[in-house]
Every structure is written in C-alpha cells, then in structure tokens.
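What follows is one structure encoded as structure tokens, with my remarks underneath.
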Amino acid sequence: MKISILDQAPISSGYSPKEALEASVQLAQSAERLGYTRYWIAEHHDLSGFACSAPEIMLSYIGAKTKNIRIGAGAILLPHYKPYKIAESFNMLATLFPGRVDLGIGRAPGGSAEASMALSDNFLEGVRKMPDKVMELLQFLYNHFPEDHMFAKISASPIPAISPEPWLLGTSRKSALMAAESGTAYAFGQFMSEKDGDDIIKQYRENFIERGIIQKPKVILTVSAICADSTQEAKELALSSMLWKIRAENREGNEGIPSIEEAKHYFRSLDVEPFNNRNRVIIGNPKEVSEQLKDMKQRYQADEIMIVTIVYRYEDRLRSYELIAKELIK
C-alpha cells in the first residue's frame with residue numbers, strides 16, 4: 001500500500017522555528033528509510049504553530065539530505081504568485097533531484113488577510129484567475145504554449161530531464177473538476193474538509209481529460225492520523241492537537257502546539273469531552289489505525305494515502321509514522 005507524509009512543520013510550545021524545521025528534515029529522512037512514497041511540506045504565512053513559509057527553499061535542503069523519496073509542496077498557494085516564477089523554482093528542484101519532485105498547487109490564502117495583502121495585493125483576484133494560472137503554469141512546465149503566444153519565446157529554465165509532477169490540491173468539487181480539466185493528479189484534503197469526499201473524487205475521475213501530463217486519473221487522499229503503541233497513549237497524544245485546533249479556531253494564543261499536560265488540564269478544567277464526531281482524526285494503536293486507513297483507501301478509491309500528524313513531541317510524531325509503516329509498507 002502506498003502511503004506518504006504531509007508535513008505542516010508544526011512548532012511545539014517551547015521549541016523554536018529552527019528546531020521545528022530540523023525536525024521536518026529528520027521526518028523526511030525517516031520517511032525515506034521506512035519506505036514512504038513521498039514527503040510533502042505545506043506553505044503557511046504568519047500562522048502560529050507553523051514554521052514553513054517557503055516550501056521551495058525547504059525542499060532544496062530536504063532533497064540534499066535524502067536520496068530517493070519523492071519530495072514536494074503540499075501546496076504552493078498559486079493565487080499569490082506568477083506561474084512563471086513557480087515553474088522556474090520547481091524546474092530548478094527537478095534539475096537538482098531528477099524524477100523526485102512533485103508540485104502541489106493550492107488556492108488557499110495560507111494566512112491572514114493582512115499576510116495575503118503583503119504577498120500579492122489582491123488575493124481574491126488571484127483566486128478568480130486560478131484556472132488560467134494553473135493552465136499557464138502547466139504550459140511553462142511542459143513548453144505547451146502556441147507558437148504565436150508571447151510566452152512561447154521564453155523557458156522556465158533550467159529545463160529538467162524529468163518535469164515536476166503537478167498535483168492540484170483541494171477539498172471541493174470545484175477543485176476536483178479543475179484538476180480533471182487540467183489533466184493533473186488530484187489530492188483531496190479529507191483531514192480539513194467537512195464534505196463527503198467520495199463524490200468529489202468520483203467527479204474528478206469521471207471528468208478527467210488526458211493532456212499528456214499523466215495518462216489516467218491519480219488520487220491521493222490526505223488524512224490526519226495519530227498512532228501509538230496503545231490506544232490510550234494515542235488518545236493522550238491527540239489532546240495537544242485538539243487543543244491547538246480549538247485555540248486556532250478561536251484565534252487564541254501564539255505559543256504553538258501545547259504540551260500533553262497543558263491539554264489535559266484544559267479539558268479537565270472545562271469538563272469537556274475532547275473526542276467527538278467533529279474530530280476528523282484517526283487515533284489508535286497500529287492495528288486500529290492501519291485498518292481504518294485501508295478502509296478509507298477502499299472507500300474513496302484512492303491510489304495513495306497521505307498522512308498528516310500533529311502531536312507535541314517530535315519523537316512521538318516519528319514513532320507514529322514508524323508504527324504505521326510497519327503495518328502498511330511490506
């Protein structure tokens with residue numbers, strides 16, 4: 001079974017951004033050793049608890065520290081940028097790391113309205129132009145501009161021997177159809193969606209147009225999972241991310257991912273049940289987590305499962321991925 005990692009480069013309370021990014025490098029190296037298919041890192045801007053604002057920079061470092069695992073962005077937030085610059089950056093990565101580079105494309109702001117303005121002046125206009133931006137980016141990556149097009153005279157150099165593989169990321173029917181019409185692979189973010197992804201992925205597959213980028217539809221299902229040696233331990237680890245999510249939703253605090261002790265105290269003091277139907281997280285021991293991941297792969301008809309894990313201690317995150325790999329990677 002193909003499984004991969006989405007890293008949001010979380011900063012735990014009491015740790016520095018540098019330590020968080022160093023932990024991301026260790027995670028990518030461990031992922032390669034354990035047999036994960038790919039490692040992606042996300043883009044966020046001025047968000048408490050996340051360390052990576054420039055995936056293309058981080059990927060150059062991680063690529064140099066690994067040998068075989070596919071590396072990519074999950075995702076580059078295209079409304080902020082000109083397609084040409086993104087094509088140049090990822091062609092550069094693909095030149096340095098042949099056959100290993102994925103270019104995940106998203107349209108979320110990745111931060112506050114102020115951060116969006118600082119990045120691109122008019123983010124909403126970038127969202128409106130997203131379909132055109134995606135097609136322009138693909139034309140730069142694959143040199144598909146018509147001869148009479150102004151951009152046919154330029155290249156997104158350096159031109160790699162193997163182009164980056166483009167993926168469109170999303171949580172809606174609109175993103176699925178955009179991926180289908182663009183002929184790209186599609187990654188559905190189940191861990192951050194309130195919608196039923198079965199039909200969304202089905203729409204992608206049914207409407208896919210082959211444009212020479214990939215020959216047939218290809219789907220990654222991205223899920224949140226926390227695994228430990230016992231179910232009870234996994235639930236304890238999950239408390240930190242649950243409290244952090246509550247604080248993020250309420251725009252409270254800038255301390256990063258809270259410790260398990262702090263999270264226990266919070267839920268105990270309010271007499272709140274932390275585990276409910278709103279938590280779209282798979283939590284359990286290796287057998288429980290692996291069975292749920294297998295069921296989700298079958299239900300969504302996904303080609304691959306990508307896992308995001310947010311816990312307080314970086315060593316617990318590594319252990320979670322290790323236990324999952326032992327069950328699913330043969």
Side-chain angles (χ1 to χ4, degrees), residues 4-34 36 38-67 69-77 93 97 104 110-112 115 191-192 222 224-229 233-234 236-248 251-266 281 283 306-325:
S4 295
I5 290 175
L6 172 63
D7 180 12
Q8 294 180 311
I11 307 171
S12 292
S13 177
Y15 290 83
S16 68
K18 184 176 187 294
E19 289 172 310
L21 294 175
E22 288 172 345
S24 289
V25 175
Q26 293 172 4
L27 176 59
Q29 292 173 322
S30 294
E32 180 169 76
R33 174 177 55 82
L34 293 168
Y36 280 86
R38 64 190 91 225
Y39 166 94
W40 286 0
I41 192 164
E43 173 184 343
H44 294 97
H45 299 282
D46 192 37
L47 279 183
S48 169
F50 291 138
C52 183
S53 57
E56 63 275 27
I57 293 177
M58 193 63 185
L59 290 172
S60 66
Y61 188 63
I62 286 174
K65 295 285 186 177
T66 54
K67 295 180 179 180
I69 191 170
R70 293 194 68 91
I71 56 174
I76 292 293
L77 306 178
L93 287 168
F97 311 113
S112 66
F191 75 103
M192 55 189 293
T222 308
S224 179
I226 296 172
C227 186
D229 290 289
E233 182 185 355
E236 284 197 354
L237 296 177
L239 293 174
S240 295
S241 61
M242 289 178 179
L243 175 54
W244 175 78
K245 184 177 181 181
I246 290 170
R247 287 176 171 172
R251 301 183 182 277
E252 298 174 354
N254 294 301
E255 301 85 10
I257 313 302
S259 68
I260 297 172
E261 291 71 24
E262 184 180 355
K264 281 182 177 179
H265 175 73
Y266 172 87
V281 186
I283 302 168
M306 181 169 277
I307 303 165
V308 56
T309 299
I310 303 288
V311 294
Y312 175 69
R313 292 187 295 257
Y314 297 122
E315 57 266 34
D316 290 329
R317 180 174 62 162
L318 286 175
R319 179 62 174 164
S320 179
Y321 283 117
E322 181 180 358
L323 291 171
I324 293 171

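Computed from heavy atoms alone, side chains included, the values below leave out hydrogens, waters and symmetry copies.
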Q. Are the side chain of Ser30 and the backbone N or O of Gln26 linked by a donor-acceptor pair below 3.5 Å?
A. yes
Q | Contact summary for Tyr321 and Leu6, nearest pair of heavy atoms | A | OH-O, 3.9 Å
Q) Can you tell me how far CD1 of Ile71 sits from CZ of Arg38, rounded to the nearest 0.5 angstrom? A) 12.0 Å
(Q) Tell me the closest heavy-atom pair linking Gly110 and Leu47, and the distance in Å. (A) O-CD1, 3.6 Å
Q) Can you name the closest pair of heavy atoms from Gln8 and Val308 and give their distance? A) OE1-CG2, 3.8 Å
Q. Between Lys264 and Glu261, does a salt bridge (charged side-chain N to carboxylate O under 4.0 Å, His left out) hold up when you go through it step by step?
A. CA-CA 5 Å; Lys264 281 182 177 179; Glu261 291 71 24; 6.0 Å; no
Q. Which pair of non-hydrogen atoms, one from Leu323 and one from Ala228, has the smallest distance, and what is that distance?
A. CD1-C, 3.5 Å
Q. Rounded to the nearest 0.5 Å, how far apart are OH of Tyr266 and CZ of Arg247?
A. 8.0 Å
(Q) Do His265 and Leu243 make a side-chain contact, defined as non-hydrogen atoms from C-beta onward lying under 4.5 Å apart? (A) no
Q.
Angle between ring planes, Phe50 versus His44, binned at 30° and 60°: parallel, tilted or perpendicular?
A. parallel
**Q.** CD1 on Ile283 to CG on Leu239, rounded to 0.5 Å
**A.** 8.0 Å
Q | Pair listing, salt bridge (Lys or Arg N to Asp or Glu O under 4.0 Å) test, anchored in residues 20-33, at least two apart | A | Lys18-Glu22
(Q) So, taking the atom named OG in Ser48 and the one named CD1 in Ile11, what distance separates them when rounded to the nearest 0.5 Å? (A) 7.5 Å
Q.
For Asp46, is the CG atom crowded, meaning more than 12 foreign heavy atoms sit under 6.0 Å from it?
A. no
Q | Gap separating the NE2 atom of His45 from the SG atom of Cys52, nearest 0.5 angstrom | A | 9.0 Å
Q.
If you compare all heavy atoms of Tyr314 against all heavy atoms of Glu19, which two are closest, and at what distance to 0.1 Å?
A. CE1-O, 4.4 Å
Q: Please confirm whether the backbone N or O of Ile257 pairs with a side-chain atom of Tyr15, one donor and one acceptor, at under 3.5 Å?
A: no
**Q.** Shortest non-hydrogen contact from Ala20 toward Pro10
**A.** CB-O, 3.4 Å
Q: Please test Ser320 against Val311 for side-chain contact (heavy atoms from CB on, under 4.5 Å), starting from the C-alpha separation and ending with a verdict.
A: CA-CA 9 Å; Ser320 179; Val311 294; over 6 Å; no
**Q.** Contacts of Phe97 that satisfy ring-ring contact (aromatic ring centres under 6.0 Å, His included) - sequence neighbours left out
**A.** none
Q. Are Met242 and Lys245 side-chain neighbours, meaning at least one heavy-atom pair lies under 4.5 Å?
A. no
**Q.** Polar side-chain atom of Ser12 near backbone of Tyr312 as donor-acceptor pair, under 3.5 Å
**A.** yes
N/O donor-acceptor pairs under 3.5 Å from side chains in residues 53-67, not counting sequence neighbours:
unit_1	atom_1	unit_2	atom_2	d
Ser60	OG	Ile57	O	2.6
Thr66	OG1	Ile62	O	2.8
Thr66	OG1	Arg100	NH2	2.6

Q. Once you round to the nearest 0.5 Å, how far does CD1 of Ile260 lie from CD of Glu236?
A. 6.5 Å
Q.
Taking the side chain as everything from C-beta on, heavy atoms only, tell me whether Tyr39 gets closer than 4.5 Å to Ser24.
A. yes
Q.
Go through it in stages, so that I can follow the logic: the residues are Arg313 and Leu237, the test is side-chain contact (heavy atoms from CB on, under 4.5 Å), and I'd like the CA-CA distance, side-chain angles, deciding distance and then a yes or no.
A. CA-CA 9 Å; Arg313 292 187 295 257; Leu237 296 177; 4.1 Å; yes
Q: State whether the side chain of Thr309 and the backbone N or O of Ala225 hold a donor-acceptor pair below 3.5 Å, judged by distance alone.
A: yes
